[in-house]
Amino acid sequence: MHDLKMVREHIDALRAGMRRRGVLDALSPTIERAVALDKSRRETIQAVEERKAARNAVSQQVAQRKRGGESADDLQQRSRELGDEIARLDRELGETEAELSTILLELPNVTLDQVPAGGEESNEVVRTWGTPREGTRVVPHWEVGAKLGLVDFERGAKISGSGFIVFRRAGARLVRSLMNLMLDVHTSEHGYEETWVPVVVNRASMIGTGQLPKFEDDMYALKGDDAFLIPTAEVPLTNLYRDEILPESELPKALAAYSPCFRREAGAAGKDTRGLLRVHEFDKVELVRFVTPETSGEQLELLTAHAEKILHLLELPYRVVRLASGDTGFASAHTYDLEVYAPGVGKWLEVSSCSNFTDFQARRANIRYKPADGGRPRFVHTLNGSALAFSRIIGSILEHHQQEDGSVRVPAALSKYLGAERLS
RNA sequence: GGACAGGUGGCCGAGUGGUUGAAGGCACCGGUCUCGAAAACCGGCAUACCGGUGAACCCGGUAUCGAGAGUUCGAAUCUCUCCCUGUCCGCCA
């Protein structure tokens with residue numbers, strides 16, 4: 001969410017930000033509406049507060065007269081009239097603010113200067129690691145996975161629906177191993193606090209991180225409760241400090257959690273849906289950082305490096321892509337995607353998305369910190385990144401580490417947890 | 001799910017419908033004292049929004065005692081609904 005001052009004083013920056021995302025044409029009327037609403041809001045506030053001040057003064061006089069045993073009928077009548085006007089103006093103000101806040105909640109974040117303008121075609125590969133493997137003679141992961149008995153697609157579809165996966169035997173243990181590997185590395189080497197969070201959250205949390213109100217159709221809602229299944233552990237982790245003020249001494253605060261993630265993927269039908277590429281429920285270890293505004297740029301580099309470390313350990317070649325404005329998520333100001341090459345499907349798979357949300361989420365969720373020098377509370381900057389998403393990582397492992405005989409080599413860092421050096 | 005009891009500032013905790021944004025204490029910050037520290041004493045110490053200048057300091061106003069609605073000239077205080085917490089009962093991995 002943007003500061004109202006953005007609408008009032010930096011409207012050109014807001015417009016420029018929307019233009020860079022390629023959504024200015026669509027949002028221009030909305031922005032104009034916000035400007036008008038802000039103006040009318042301030043006028044109404046002035047009008048209503050003037051009357052409230054008058055009413056407060058009259059009430060004092062009533063109290064004074066009553067103490068003196070005098071009648072105050074005339075003053076009470078005046079106060080009643082003021083009360084009627086106040087009620088009317090308050091109602092008007094409420095409507096204005098409701099509409100304004102709806103608009104503010106649905107405007108995406110403005111991306112940072114280093115983010116290229118344009119859509120997906122303007123994404124920049126900023127670095128690569130390792131060498132993508134030749135695709136010939138590599139079988140797609142869904143075939144290997146089924147053949148080795150690691151994944152049971154049919155029964156997943158039977159018990160839950162398409163896009164729900166059952167992992168079996170070494171496949172199931174592989175999930176558990178990834179979870180342990182990732183959490184161990186992030187907690188003992190990267191300094192994250194291990195956290196275990198609910199996968200059901202309330203509406204306020206979903207608004208806080210930016211999933212709602214705009215993307216309600218993408219979320220699984222629980223019937224009978226105003227609650228949702230999380231699409232990522234970012235939601236509970238970031239909202240842990242909703243409506244709180246952290247001492248600066250606790251920053252940067254770094255949390256890591258495993259969680260399953262639930263996505264309806266409405267409208268994504270047919271797009272990269274084979275095998276483990278796009279599923280409704282997948283597992284992920286998520287990293288979240290709360291930092292001071294001055295450090296969020298460098299903190300994003302750090303967070304991204306933490307996610308990359310896991311790919312090094314899994315010995316998977318990848319590239320780091322800086323998303324262009326138009327491809328950057330709604331709440332983010334700067335995002336790096338980590339993409340692993342999967343030779344069986346011949347594609348780069350997004351296995352992590354590391355983002356700096358600047359104060360966009362902090363403003364929505366009201367997460368602040370008290371500066372060490374004693375100044376007034378300021379909004380923190382929030383960051384998060386997957387490190388990493390399991391299903392696509394499993395797909396990549398099954399393809400990249402696939403051997404001539406159809407078995408799959410297990411990288412050393414993982415075999416320690418899996419208790420096997422080969423899946424066969 | 002049922003029955004009670006509660007939700008007040010960073011924390012604890014007063015509060016009779018009318019100078020209560022809110023006593024007191026703790027914590028924190030500044031000062032006096034001290035070689036220094038502790039203790040003691042003095043002072044300070046909420047947030048948001050609107051306006052006064054473009055910003056800062058500052059000044060005026062409004063709102064905020066779990067959330068919302070109501071009664072009233074006036075609500076932390078009375079009424080209703082909801083949320084949350086605690087205790088007991090029921091159910092249960």
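Proteins get letters first, then strands, A, B, ... in listed order; numbering begins at 1 in each.
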Straight-line distance of R19(A) CZ to L14(A) CG, nearest 0.5 Å:
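Here the rounded value is 11.0 Å.
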With rounding to the closest Å, how many angstrom separate the [atom1] atoms on [N] and [M]?
| N | M | atom1 | result |
| --- | --- | --- | --- |
| U62(B) | U81(B) | P | 33 Å |
| C45(B) | G31(B) | C1' | 15 Å |
| A46(B) | C11(B) | C1' | 14 Å |
| A63(B) | U20(B) | P | 16 Å |
| A75(B) | C65(B) | C1' | 11 Å |
| A93(B) | A14(B) | P | 42 Å |
| G18(B) | C78(B) | P | 12 Å |
| C49(B) | C42(B) | C1' | 35 Å |

Atom-to-atom span, [atom1] of [X] to [atom2] of [N] - whole angstrom:
| X | N | atom1 | atom2 | result |
| --- | --- | --- | --- | --- |
| R203(A) | C84(B) | CZ | P | 15 Å |
| E81(A) | U72(B) | CD | P | 16 Å |
| L75(A) | U72(B) | CG | P | 18 Å |
| D90(A) | G70(B) | CG | P | 10 Å |
| D243(A) | G10(B) | CG | P | 12 Å |
| R51(A) | G74(B) | CZ | P | 16 Å |
| D73(A) | U72(B) | CG | P | 15 Å |

Any chance the rings of F330(A) and F215(A) have centres within less than 6.0 Å?
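Ring centres of F215(A) and F330(A) closer than 6.0 Å.
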Keeping R409(A) on the side-chain end and H401(A) on the backbone end, is there a donor-acceptor pair under 3.5 Å?
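Not confirmed, R409(A) side chain does not pair with H401(A) backbone.
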Under the ring pair (Phe, Tyr, Trp, His ring centres under 6.0 Å) rule, collect the residues that match up with [X], sequence neighbours excluded.
| X | answer |
| --- | --- |
| H334(A) | Y336(A) |
| H312(A) | W129(A), Y318(A) |
| F357(A) | none |

For H2(A), which residues count as a side chain to side chain donor-acceptor pair (under 3.5 Å) partner, sequence neighbours excluded?
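With neighbours one apart ignored, the set is empty.
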Close N or O pairs between protein and nucleotides 76-81 of chain B (under 3.5 Å):
none

Strictly by side-chain hydrogen bond (donor to acceptor under 3.5 Å, both in side chains), give each pair with a member in residues 140-152 of chain A just once, sequence neighbours left out.
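Qualifying pairs: H141(A)-E399(A), D152(A)-R155(A), D152(A)-R168(A).
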Please identify which of these residues, I165(A), L276(A), L150(A), meets the side-chain contact (heavy atoms from CB on, under 4.5 Å) condition with I394(A).
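The side-chain contact (heavy atoms from CB on, under 4.5 Å) with I394(A) is passed solely by L276(A) among I165(A), L276(A), L150(A).
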The single option from E81(A), E50(A), E49(A), K52(A) passing side-chain contact (heavy atoms from CB on, under 4.5 Å) against I86(A):
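Exactly one pass, corresponding to K52(A).
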Show me the protein contacts with nucleotides 15-18 of chain B, counting only N or O atoms at under 3.5 Å.
| from | atom 1 | to | atom 2 | distance (Å) |
| --- | --- | --- | --- | --- |
| G18(B) | N2 | S59(A) | O | 3.2 |

What side-chain donor-acceptor pairs closer than 3.5 Å can you find for residues 381-388 of chain A, not counting sequence neighbours?
| from | atom 1 | to | atom 2 | distance (Å) |
| --- | --- | --- | --- | --- |
| H381(A) | ND1 | S296(A) | OG | 2.8 |
| T382(A) | OG1 | Q361(A) | OE1 | 2.8 |
| N384(A) | ND2 | E234(A) | OE1 | 3.4 |
| N384(A) | ND2 | E234(A) | OE2 | 3.4 |
| S386(A) | OG | S353(A) | N | 3.1 |

Residues two or more places apart in sequence or in another chain: which of them pass salt bridge (Lys or Arg N to Asp or Glu O under 4.0 Å) with R91(A)?
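Checked R91(A) against salt bridge (Lys or Arg N to Asp or Glu O under 4.0 Å); zero matches.
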Is the ring pair [X]/[Y] parallel, tilted or perpendicular, if the boundaries are 30 and 60 degrees?
| X | Y | answer |
| --- | --- | --- |
| Y258(A) | W196(A) | tilted |
| Y241(A) | F290(A) | perpendicular |
| H280(A) | F164(A) | tilted |

Is a side-chain donor-acceptor pair under 3.5 Å present for R364(A) with T209(A)?
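There is no such pair (donor and acceptor under 3.5 Å, judged by atom type) between the side chains of T209(A) and R364(A).
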Would you tabulate the pairs of protein nitrogen or oxygen atoms and nucleotide nitrogen or oxygen atoms of nucleotides 67-69 of chain B closer than 3.5 angstrom?
none

Can T328(A) and R21(A) be said to form a side chain to side chain contact (heavy atoms under 4.5 Å, CB included), step by step?
CA-CA 8 Å; T328(A) 298; R21(A) 278 181 178 269; 4.0 Å; yes
How does RNA chain B look in dot-bracket form if you count Watson-Crick and G-U pairs under 3.5 Å, write [ ] for pairs that cross, and put | where a base pairs with another strand?
((((((((.[[[..)..(.....]]].(((((.......))))).(((((((.....))))))).[[[[[..)....]]]]])))))))....
Protein within reach of the bases, or only the backbone? For nucleotides 46-62 of chain B, mark each nucleotide 5' to 3' as B, S or -, using heavy atoms under 4.0 Å.
-SSSSS---------BB
